[in-house]
Amino acid sequence: MDLELASASPEDTRAEFTRLSARGYTQLRHVLVQLPDRGGPRASTLARMLHERKHRPLLLYIMLLTCWPWLQGRRDPLEGAVWIRALTAKGAPTWSPSTLSRSWAELVDLGLVDKGDKREGRLIRPVPRREDGGADYELPGGRRDRWNAYFSLPDQFWTEELFAKLSLPALVMLLLVAKETQGKDEVWLTYDNAEEWYGIKPKSAQNGLTELQKLGILHRRAEVVKAPLAAHGRTVRMWYSLTGPYGHQSRQALQNRAAKERRKRLKRDARATAVRPKKEQQ
């Protein structure tokens, strides 16, 4: 028997992760990108992970949230080798047992993961904390308050290996623009605003956005507007939108489809509950 042919590939593992989640996208709270308190600092987890160069921990955390809808109910924790295989792709950061262990530890230090006090055999069950590290994790569900509003990251991020193609600044700016276009097609942004509003240095914002544009994931639109105090009486605003499956319309369609499937599932469950007592009486 050819053991390689009989073994799951990284692509197989990522496909199974997303299939089990059965949603088509990962829910990421806005507070991953920006804190909601307009009276104080607004930089959140994303800025800190960029400044501290936490590329591997950020990918691992997003993958944990991708898996959490089914992983939270799994009897046994996943082996470390499964996480490593799922995160392995050409061009991606390399993974080993030591880098995986270090990344979990860094997520714990960031307040984004609770590994618990007890081992389950040789394994530790990592449990996510809220995206800003300020509370225990719960799926955001349909809540829309400022601490639970979320944006979606399509499964193509994993299955088409975009995660392996992006530098850390490009990944950060992908998440930032995805957050800001959750309810609209495009967002106005300047490099200076990136620092003021999100804690992202202008150069990092520029590099990330340029990389996304070169990959064809980001569209940039220039708008000339009147500016009475400018030398030429006008200025240029840059608007950014994501393309393909990452665009607002595509992501909204995914969420609508998932909501429709959930309603169907709830109706089936309700009918099954109504029929069961009748059968028990017979």
Side-chain angles (χ1 to χ4, degrees), residues 10-11 13-14 17-18 25-34 43-68 78 80-113 115 126 128-133 137 151-179 191 194-195 198-215 217-218 242 246:
E11 295 84 356
T13 304
R14 290 190 292 271
F17 276 12
T18 56
Y25 58 90
T26 303
Q27 294 178 337
L28 298 170
R29 282 178 173 83
H30 289 187
V31 294
L32 175 70
V33 178
Q34 185 183 51
S44 189
T45 302
L46 211 55
R48 181 177 177 186
M49 296 183 93
L50 175 60
H51 297 162
E52 297 180 9
R53 300 181 181 179
K54 306 291 188 184
H55 195 175
R56 285 189 183 89
L58 179 55
L59 288 173
L60 183 59
Y61 182 66
I62 296 171
M63 179 160 278
L64 177 61
L65 296 189
T66 298
C67 297
W68 197 243
L78 290 177
V82 179
W83 291 107
I84 291 172
R85 187 167 63 249
L87 289 160
T88 296
K90 183 179 179 180
T94 56
W95 291 86
S96 67
S98 62
T99 56
L100 179 67
S101 178
R102 185 161 61 248
S103 294
W104 285 129
E106 289 173 325
L107 288 172
V108 171
D109 290 342
L110 288 163
L112 296 174
V113 163
K115 291 176 68 175
R129 288 178 52 78
R130 197 175 67 194
E131 288 88 335
D132 65 325
Y137 184 82
F151 63 99
S152 56
L153 182 67
D155 286 349
Q156 286 93 333
F157 178 76
W158 300 114
T159 59
E160 296 181 359
E161 298 187 359
L162 180 60
F163 77 96
K165 301 171 185 176
L166 301 181
S167 67
L168 180 55
L171 173 57
V172 165
M173 295 311 294
L174 171 71
L175 297 173
L176 189 157
V177 177
K179 179 258 185 189
Y191 303 143
E195 182 167 25
Y198 311 98
I200 308 299
K201 295 294 184 183
K203 190 62 177 178
S204 294
Q206 181 180 10
N207 290 342
L209 291 169
T210 300
E211 183 178 331
L212 292 174
Q213 188 175 20
K214 287 181 179 178
L215 288 170
I217 300 164
L218 183 82
L242 298 175
Y246 304 95

TODO: To the nearest 0.5 angstrom, please state how far the CG atom of Leu112 sits from the CH2 atom of Trp104.
DONE: 11.0 Å
Show me the donor-acceptor pairs within less than 3.5 Å that the side chains of residues 162-176 make with the rest of the protein, sequence neighbours left out.
unit_1, atom_1, unit_2, atom_2, d
Ser167, OG, Ala170, N, 3.4
Ser167, OG, Glu211, OE1, 2.6

Task: Listed partners of Thr88 passing side chain to side chain contact (heavy atoms under 4.5 Å, CB included), at least two apart - done: Pro10, Ile84
Task: Sequence neighbours excluded - side-chain hydrogen bond (donor to acceptor under 3.5 Å, both in side chains) pairs with any residue from residues 57-66 - done: Thr26-Thr66, Thr66-Trp158
Open item on the list: Going by the rule salt bridge (Lys or Arg N to Asp or Glu O under 4.0 Å), which residues pair with Glu160 if we only count those two or more places apart in sequence or in a different chain?
Closed with: none
TODO: Check whether any side-chain N or O of Arg14 sits under 3.5 Å from a backbone N or O of Ala86 as a donor-acceptor pair, and report yes or no.
DONE: yes
Using atom types as modelled, flag every donor-acceptor pair under 3.5 Å from a side chain in residues 93-100 to any protein atom, sequence neighbours excluded.
unit_1, atom_1, unit_2, atom_2, d
Thr94, OG1, Arg56, NH2, 3.4
Trp95, NE1, Pro93, O, 3.2
Ser96, OG, Ser98, N, 3.4
Ser96, OG, Ser98, OG, 2.9
Ser96, OG, Thr99, N, 3.3
Ser96, OG, Thr99, OG1, 3.3
Thr99, OG1, Ser96, N, 2.7
Thr99, OG1, Ser96, O, 3.1

Task: Partner residues of Arg29 under the side-chain hydrogen bond (donor to acceptor under 3.5 Å, both in side chains) criterion, sequence neighbours left out - done: Glu131, Asn148
Task: Within residues 82-94 or reaching into it, pairs that qualify as salt bridge (Lys or Arg N to Asp or Glu O under 4.0 Å) - sequence neighbours excluded - done: none
Task: Partners passing side-chain hydrogen bond (donor to acceptor under 3.5 Å, both in side chains) against Gln213 (at least two apart in sequence or in another chain) - done: Arg220
Task: Value rounded to 0.5 Å, distance of NE2 in His55 from OG in Ser103 - done: 10.5 Å
- [ ] Decide yes or no for Leu46 and Tyr198: does some side-chain heavy atom of the first lie under 4.5 Å from some side-chain heavy atom of the second?
- [x] no
- [ ] Measure the NZ-OG distance between Lys179 and Ser152 for me, rounded to the nearest 0.5 Å.
- [x] 14.0 Å
Open item on the list: Going by side-chain hydrogen bond (donor to acceptor under 3.5 Å, both in side chains), name the residues that satisfy it together with Asp132, two or more places apart in sequence or in a different chain.
Closed with: Arg130
Open item on the list: Holding to side chain to side chain contact (heavy atoms under 4.5 Å, CB included), I want the full list of residues that pass it with Glu52, two or more places apart in sequence or in another chain.
Closed with: Arg48, Lys54, Leu110
TODO: State which residues pass side chain to side chain contact (heavy atoms under 4.5 Å, CB included) with Ala47; sequence neighbours excluded, sorted by chain then number.
DONE: Ala43, His51, Ile200
Task: Set of salt bridge (Lys or Arg N to Asp or Glu O under 4.0 Å) partners for Asp155, sequence neighbours left out - done: none
Open item on the list: A side-chain contact here means heavy atoms from C-beta on lying under 4.5 Å apart; do Val177 and Tyr246 qualify?
Closed with: no
Open item on the list: Rounded to the nearest 0.5 Å, what separates atom NZ in Lys201 from atom CG in Leu50?
Closed with: 10.5 Å
- [ ] Dump the intermediate steps for side chain to side chain contact (heavy atoms under 4.5 Å, CB included) on Thr18 and Phe157, then the final yes or no.
- [x] CA-CA 10 Å; Thr18 56; Phe157 178 76; over 6 Å; no
TODO: Of all the heavy-atom pairs spanning Gly111 and Arg129, show the shortest one and how long it is.
DONE: O-NE, 3.0 Å
Task: Heavy-atom side-chain contact between Leu78 and Phe17 under 4.5 Å - done: yes
- [ ] Assess whether side chain to side chain contact (heavy atoms under 4.5 Å, CB included) is satisfied between Leu59 and Met63, documenting all intermediate values.
- [x] CA-CA 6 Å; Leu59 288 173; Met63 179 160 278; over 6 Å; no
Open item on the list: Quick check for you: to the nearest 0.5 Å, what is the distance between Leu209 atom CG and Ile217 atom CD1?
Closed with: 11.5 Å
